[in-house]
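In what follows, every chain begins at residue 1, and chains take the letters A, B, ... in the order their sequences are listed. Since the model is a prediction, treat every value here as computed from it, not as a measurement.
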Amino acid sequence: MTEKVLVYLEINNNKLEKVSKEIVSHSKHNFPDFEVIGLLLTDKADVSFLSEDISKLGLDKLFVAANNAFADFNSSLFANTVASYIGEICPDVLLMGATSDGRELAPRLASKLNIGLTADCTDLKIDENKTLLATRPTYGGKMMATIISKTKPSFATVRQGAFKFKPVSLVMPEIIYRNDDINGLTCYVDVISTNIKPEIEDWTTSDIIIAGGLGLKSKENFELIYNLCDLIGAKPAASRAAVELGWANQDIQVGQTGSSVAPKMYIAFGISGALQHMTGISNADKIIAVNIDENAPIMASADIAIPADAVTIIKSMIHKLSH
Amino acid sequence: MTFKIIVFVKQVPDTDDIKWTEHNTIQREGLDSIINPYDVAAIELAKNVKFILKDCKILVVSMGPKQAENVLIEALAMGCDEAYLLCDKKFAGSDTLATAYVLSQFVKTQCSDFNLIVCGQQAIDGDTAQTPSSMAEKLGIPQVCNVTALKDIDLSSSVWIRDTNICTQQIKLSHPCLISTSLKNADILPDINGYIKAQTANVATLTAEDLSVDIDKIGIKGSPTQVKAAYRPVIERNTVVFESKDTDTITDFIISEINNCKV
């Protein structure tokens, strides 16, 4: 018998959320005995607007639930709908992104089904008994906990950036499209207005990320990171300490309370490398750390540790690259 | 009729020194504790409602060991009116589903005529953000998470600002309903009246029996999730320390690494 993993696919601004793609990719590559099934809720008459995205996912099957009421996110309505599909599909594993909506929907759904839920996972494995091992950071990233569930389906939400999306060659899955019935909706939520925020360019998927921390000593020095990134074609990032001091915007924070990234190269200038930062870059192919403090934790956990003043090196690099 | 708000608060450890029990749950006894910073923001929102509606009572509730009484007294000093501690050894080891069940039983058995529940979105120890939504489902009421402000309220409904990374929304809910806030660390200083009141206030303690909870649904036994392993993350890389201290050499090295990466 084939096991099934059901992935809830989130759509925002007519696009599939990145984390939804990452979860499908991870399931496809790491759960070999599992059939990977997608479920998405839409107010559209068909899903042609997502065809390109869907064809690269590698899903075995896709359920599309359509109703005008799905135009706005409503956790109670969405939980009712997803629950009815779970009853029909009977998945062994249920996964969704730990987005704002996902973190609101998942617990409501778990509570409805009276099943366990593990939030914000950074790793998912299947053991020899085909049990889901869901690993998540806890205590602000100071501890990792691996959670199993006594109930079925095993249910977890996944942090964006925890896995890499690997597109497959264009294959459309079998699509089961239904105009969904939403009888029995009792929890009324009235969305009076919605202001979509301007889309921020996704820096987290950049091949090269250059990050700065406290060792840069000032906001002016931190801004050199932007110059250097422009010269290299890299994307800037910051440690929590740099963000808290107002040197950088929180959107580019890396670590447990920021984004997880997995670039080919991560260059950390003046970052001490607290555990909560390091867990956010653990999937980077290569980490280069430049720090004057040879005893900083990052100097023992990077691939290449360079004991030098970060600002001096950045200035020297900018000088060389712009001449 | 008095408008009733329930605020759920959690005491969280204020230390790096986390100890785990033999069951891989957290050893809470003996830890220094603070009121979860998100829950302070929840109290602030509840007080905003009270300021507008006037005839309003704020009940503050926590589930935890005896020492969790301290955060309830603090909440009273911040302006909450009544405090309840849900304290029973049978609750120990409850996961988020079991906890949401216990809290929903408090609502059903002690304050079923509530109008509004306000929660902090998550606790800084677990960061799961599960309990509020889970509880809203158990109570069959509408909810909104990621709330950053109260826009408007009357006795029958309220409008809240929901702010996420994607959008900002105004959302109207009819009462009773639940909201959870993504704000934290609101600076609420206990006022003198609150402080005096808290000195003499009574924190009511309620057990599993008082809340008519089914003990098969609580504690370690009643929790569907189990911590299989808890460990400190180890970042393992074979670190090479760069030998040269010469700025030019270092600069050339990093630039060549970048160029190799781009190929």
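When Pro307(A), Ala110(A), Ala308(A) are compared by the number of non-hydrogen pairs under 4.5 Å with chain B, Pro307(A) comes out ahead. Chain A forms the most heavy-atom pairs under 4.5 Å with one residue out of Thr164(B), Thr168(B), Val159(B), and that residue is Thr168(B). When the candidates Asn238(B), Ile254(B), Asn165(B), Ile166(B) are compared by the number of heavy-atom contacts under 4.5 Å with chain A, Ile166(B) comes out ahead. Here Ile232(A) is the residue among Ile208(A), Asp120(A), Ile232(A), Leu321(A) with the most heavy-atom pairs under 4.5 Å with chain B. Among Glu294(A), Arg103(A), Lys286(A), the residue with the largest count of heavy-atom pairs under 4.5 Å with chain B is Arg103(A). Per-residue counts of heavy-atom pairs under 4.5 Å with chain B were compared for Ala119(A), Ala305(A), Gly116(A); the largest is that of Ala305(A). Your options are Met299(A), Lys320(A), Met278(A), Lys264(A), and the one with the most heavy-atom pairs under 4.5 Å with chain B is Lys320(A). Taking chain A as the reference chain and counting heavy-atom pairs below 4.5 Å, the highest number among Gln122(B), Lys151(B), Met135(B), Glu243(B) is found for Gln122(B). In terms of heavy-atom pairs under 4.5 Å with chain B, the best-connected choice from Asp285(A), Ile267(A), Ile304(A), Asp303(A) is Asp303(A).
Neither the backbone nor the side chain of Lys217(B) comes within less than 4.5 Å of any heavy atom of chain A. Neither the backbone nor the side chain of Asn259(B) comes within contact range of chain A, judged by heavy atoms closer than 4.5 Å. Neither the backbone nor the side chain of Ile314(A) comes within less than 4.5 Å of any heavy atom of chain B. Within the 4.5 angstrom heavy-atom criterion, only side-chain atoms of Thr135(A), from C-beta onward, approach chain B. For Ser75(A), the part lying near chain B is the side chain, with the backbone staying farther off; criterion is any non-hydrogen pair under 4.5 Å. With a threshold of 4.5 angstrom between heavy atoms, Asp309(A) does not approach chain B through any atom at all. Interface remark: Glu17(A) contributes side-chain atoms only to the contact with chain B (heavy atom separation under 4.5 Å). With a 4.5 angstrom heavy-atom cutoff, Phe155(A) does not touch chain B via any of its atoms. For chain B, the nearby parts of Ala284(A) are the backbone and the side chain; heavy atoms of each come within less than 4.5 Å. Both the backbone and the side chain of Ile196(A) have a heavy atom closer than 4.5 Å to some heavy atom of chain B. When heavy atoms are compared at a cutoff of 4.5 Å, Phe253(B) approaches chain A solely by way of its side chain, counted from C-beta outward. With a 4.5 Å cut-off on non-hydrogen atoms, Leu117(A) touches chain B through its backbone and its side chain both.
Within 6.0 Å of NZ on Lys125(A) lie no more than 12 heavy atoms contributed by other residues, nucleotides or ligands. The 12-atom threshold is exceeded at NZ of Lys150(A), counting heavy atoms of other residues, nucleotides or ligands nearer than 6.0 Å. In the displayed structure, Lys152(A) atom NZ is contacted under 6.0 Å by more than 12 heavy atoms of other residues, nucleotides or ligands.
For the atom pair CD1 of Ile287(A) and CZ of Arg237(B), the computed distance is 3.5 Å after rounding to the nearest 0.5 Å.
Between the Ser134(B) side chain and the Ser111(A) main chain, no donor and acceptor come within less than 3.5 Å of each other.
Minimum interatomic distance between Gln169(B) and Thr194(A) (heavy atoms only, all atoms of both residues): NE2-OG1, 3.2 Å.
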